[in-house]
Number of protein chains: 2
Amino acid sequence: MPSSLIQKLSRTPESPADRPAETVDTKSRILDAAEELFMEHGFEATSLRLITTAAGVNLAAVNYHFGSKEELFQAVLTRRLDPMNQERMRLLSAYETGAGNHPLTCEKIISAMFIPALKLARDHRTGGKNFLRLLGRAYADPAPFIREFLSSQYAEMIARFRAAFARALPHIPREELSWRLHFVMGALSYTLAGTDALKMIAQFQPGDTENDEKVLRRLAPFLAAGLRSPVDTASDAHLWFADT
Amino acid sequence: MPSSLIQKLSRTPESPADRPAETVDTKSRILDAAEELFMEHGFEATSLRLITTAAGVNLAAVNYHFGSKEELFQAVLTRRLDPMNQERMRLLSAYETGAGNHPLTCEKIISAMFIPALKLARDHRTGGKNFLRLLGRAYADPAPFIREFLSSQYAEMIARFRAAFARALPHIPREELSWRLHFVMGALSYTLAGTDALKMIAQFQPGDTENDEKVLRRLAPFLAAGLRSPVDTASDAHLWFADT
DNA sequence: GCTCATTTCAAACGAACGTTTGAATATTTC
DNA sequence: GAAATATTCAAACGTTCGTTTGAAATGAGC
């Protein structure tokens with residue numbers, strides 16, 4: 001009986017700093033290897049044998065420490081996703097407090113979403129870049145257990161940011177704003193996924209190692225402009241989808 | 001020896017209209033079933049036994065008609081993707097001809113991208129909606145054979161539209177424009193994928209069957225505003241990613 | 001109506017999958 | 001240091017996977 005089944009969902013009690021780099025415990029080694037391999041091959045195509053071999057642990061260790069492959073995947077996600085979303089909300093609250101009772105600008109709200117993601121990507125100690133790509137991929141995964149898990153993980157944060165945007169853009173109808181927030185999250189996750197097929201044909205010069213920070217610095221104004229754009233009226237419809 | 005191995009890559013020679021609905025040939029039944037099941041479960045999680053059972057054909061039919069599971073997946077994509085991209089380019093050329101030597105508006109270029117996708121989604125005869133979701137998922141799939149296939153399928157269309165945007169937005173640097181086009185394609189595919197986890201928590205009222213047309217009518221102005229937005233200068237950087 | 005190529009079919013192939021088991025080893029507790 | 005608990009390990013479990021096989025059924029050409 002693994003004792004970890006009880007404390008599995010608690011925040012990581014171990015402190016990874018005061019340990020030599022080579023003697024990390026089995027759970028962490030599995031999480032690190034799984035994070036990279038899930039990112040590289042996806043959930044279904046990554047076998048437990050591949051993970052445990054890369055982690056240098058026994059095959060049965062995954063089922064012992066995490067229960068199942070699905071629970072391992074969720075553990076990989078929560079380890080970084082939950083702290084990131086917590087920091088997003090904390091940052092948004094700090095901005096709101098600093099602004100008094102005035103609504104925030106779109107730029108400020110977006111930066112509250114992006115900065116924690118950026119910090120994660122910058123963090124070379126953790127394999128942050130791998131994780132963001134894995135996360136972007138998970139958004140599009142059809143598996144129900146992934147979808148439900150992400151929904152529960154994001155529910156609180158999305159609600160907070162929707163309220164902030166609603167105050168920043170009071171002239172935009174609530175339903176329209178929901179869609180625009182949806183577009184923002186989509187563009188962000190798609191961009192962070194990073195290895196999409198379309199990127200390959202965009203003929204970016206090889207060697208231009210645009211890091212995530214530079215990309216997000218391009219994406220943020222792009223999205224802010226979209227959020228602020230005037231609401232499309234029915235009379236404008238012909239501009240877009242005129243027949244032939 | 002299957003003769004189809006030779007003509008496999010040629011455009012579908014059979015005409016699907018002059019055939020009774022129940023007696024479609026084996027290849028089409030496999031393609032239809034595969035399209036829906038790949039969409040629902042993803043590539044890896046969809047077994048050939050599931051596909052052939054749903055299609056009402058023998059298990060070995062897939063390997064006989066398509067060669068392998070991977071080639072079946074590619075066939076599912078090309079069947080609709082190639083005509084759609086051809087129509088996109090044809091539409092763009094028609095717009096450009098109609099505008100004489102004047103550059104097109106962003107709205108016009110975007111509609112040349114969206115309308116063919118919309119027509120596909122509208123087409124109830126073909127399972128167009130399923131296909132667009134499958135396509136959105138394929139963009140984020142890590143499998144190399146999928147990525148390379150999509151790259152080759154999209155290369156020509158992307159180049160055409162990049163040139164059109166470059167003429168429409170001459171003040172935007174070439175590299176910035178590449179990224180913005182990348183954001184546009186990302187938002188489009190992400191939106192069309194449709195079943196992402198974030199959508200579930202956006203608290204859209206159940207029963208509001210927003211069809212793809214309405215969604216794209218919201219997305220298009222959003223993206224056009226982003227495309228036109230002023231280029232972020234270095235002096236604006238503090239607006240976005242100021243520390244804490 | 002015979003011939004020959006094409007397509008369908010049931011059955012089986014070897015390999016890889018996630019998971020379980022029970023003994024061996026390491027760690028903690030008193 | 002003995003007892004109890006926690007972890008590791010090799011081995012095997014039953015299942016499912018994509019693919020192959022060779023014979024049976026079907027259709028076309030002359």
Side-chain angles (χ1 to χ4, degrees), chain A residues 1-8 10 12-14 19-20 22-31 33-34 37-38 40-76 141 143-146, chain B residues 1-8 10 12-14 19-20 22-31 33-34 37-38 40-76 141 143-146:
Chain A
M1 290 286 171
S3 69
S4 56
L5 277 181
I6 305 166
Q7 62 176 31
K8 190 178 44 184
S10 69
T12 61
E14 70 269 19
R19 221 186 299 108
E22 284 295 332
T23 56
V24 288
D25 61 347
T26 302
K27 282 184 74 170
S28 295
R29 300 180 64 167
I30 292 175
L31 286 172
L37 289 170
F38 280 145
E40 194 172 350
H41 306 108
F43 175 76
E44 296 281 351
T46 304
S47 70
L48 291 184
R49 284 168 176 83
L50 208 62
I51 294 172
T52 51
T53 299
V57 302
N58 188 270
L59 169 64
V62 167
N63 292 87
Y64 176 78
H65 284 286
F66 297 95
S68 67
K69 187 186 177 185
E70 290 192 358
E71 289 171 287
L72 167 62
F73 188 79
Q74 293 180 354
V76 168
D141 202 293
F145 85 94
I146 295 180
Chain B
M1 288 288 170
S3 67
S4 56
L5 277 182
I6 305 166
Q7 64 176 30
K8 190 178 44 187
S10 69
T12 61
E14 70 269 19
R19 222 185 298 109
E22 284 295 333
T23 56
V24 288
D25 60 349
T26 303
K27 282 184 74 168
S28 295
R29 300 181 65 168
I30 293 175
L31 286 172
L37 289 170
F38 280 144
E40 195 172 349
H41 306 109
F43 175 75
E44 296 282 351
T46 304
S47 70
L48 291 183
R49 283 167 177 82
L50 208 63
I51 294 172
T52 52
T53 300
V57 302
N58 188 269
L59 168 63
V62 167
N63 292 87
Y64 176 76
H65 284 286
F66 298 95
S68 67
K69 186 186 179 186
E70 291 192 359
E71 289 171 286
L72 167 62
F73 188 79
Q74 293 181 353
V76 168
D141 202 294
F145 86 95
I146 296 180

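The structure displayed is predicted, hence computed values, not measured ones.
Considering only heavy atoms from C-beta on, B/Asn63 comes within 4.5 Å of B/Leu48 through its side chain.
Put simply, B/His65 has no side-chain N or O that comes within less than 4.0 Å of OP1 or OP2 on C/dT6. Put simply, B/Thr26 has no side-chain N or O that comes within less than 4.0 Å of OP1 or OP2 on C/dT7.
The distance from atom CD1 of A/Ile30 to atom C1' of D/dT7 is 11 Å, rounded to the nearest whole Å. Whole-Å rounding puts the A/Asp25 CG to D/dT7 C1' distance at 12 Å. Atom pair B/Glu71:CD and D/dT19:C1' shows a separation of 12 Å (rounding to whole Å applied).
Interatomic distance, OH of A/Tyr64 versus OG1 of A/Thr26, reported as 10.0 Å (0.5 Å rounding). The CG atom of A/Asp141 sits 6.0 Å away from the CZ atom of A/Phe73 when rounded to the nearest 0.5 Å. Rounding to the nearest 0.5 Å gives a distance of 7.5 Å between CD of A/Gln74 and OG of A/Ser68. In this structure, CD in B/Glu70 is found 10.5 Å from CG in B/Leu72, a value given to the nearest 0.5 Å.
In this structure, the side chain of B/Lys69 engages the main chain of B/Phe43 through a donor-acceptor pair within 3.5 Å.
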At under 4.0 Å between heavy atoms, how does the protein contact nucleotides 16-24 of chain C? Give one character per nucleotide, 5' to 3', with B, S or -.
-BBBBB---
